[in-house]
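Residues take their numbers from the sequence shown, with the count starting at 1.
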Amino acid sequence: MDTFPDLGALSDQELKDLIQELTEEEQEISYQRRILHGKIDILRAELVNRLKVKRESGDATITGADVQQLTEILLGKVPASPEE
């Protein structure tokens, strides 16, 4: 649904059907959001574990390249993503 329908033109049943349809869509989106958050949590945990291992082995956890990349981001010098 791209535009919101004229609610006055809908019958009671059409309103109920639309509510049901949008409720189901919201539940699916909510489910996908929870899945994505779970994946993000797993990825972050892996990154934290890797950084702990680096630190314990004496390696630098943040390199000069990391600082340079953050500087470029803050200056707005990052290339636009291909999706834009």
Would you be so kind as to tabulate the donor-acceptor pairs closer than 3.5 Å made by side chains of residues 38-47, with sequence neighbours excluded?
residue	atom	partner	partner atom	Å
Glu46	OE2	Arg50	NE	2.8

Go through the steps to decide whether Glu26 and Ile29 satisfy the test side chain to side chain contact (heavy atoms under 4.5 Å, CB included), and finish with yes or no.
CA-CA 5 Å; Glu26 187 276 333; Ile29 290 169; 5.7 Å; no

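Contacts of Gln27 classified as side-chain hydrogen bond (donor to acceptor under 3.5 Å, both in side chains), with partners at least two apart in sequence or in another chain: none. In this structure, the side-chain hydrogen bond (donor to acceptor under 3.5 Å, both in side chains) partners of Gln20, at least two apart in sequence or on a different chain, are Glu24. Not counting sequence neighbours, the partners of Asp59 by the side-chain hydrogen bond (donor to acceptor under 3.5 Å, both in side chains) test are Ser57. Gln13 is linked by a side-chain hydrogen bond (donor to acceptor under 3.5 Å, both in side chains) to Asp17, counting only residues two or more places apart in sequence or in another chain.
Hydrophobic cluster membership differs between Phe4 and Ile19, with clusters built from Ile, Leu, Val, Met, Phe, Trp and Tyr side chains linked at under 4.5 angstrom.
Grouped with Ile35 in one hydrophobic cluster are Tyr31, the linkage being side-chain heavy-atom contacts under 4.5 Å among Ile, Leu, Val, Met, Phe, Trp and Tyr residues.
The distance from atom OG1 of Thr23 to atom CD of Glu28, rounded to the nearest 0.5 Å, is 13.5 Å.
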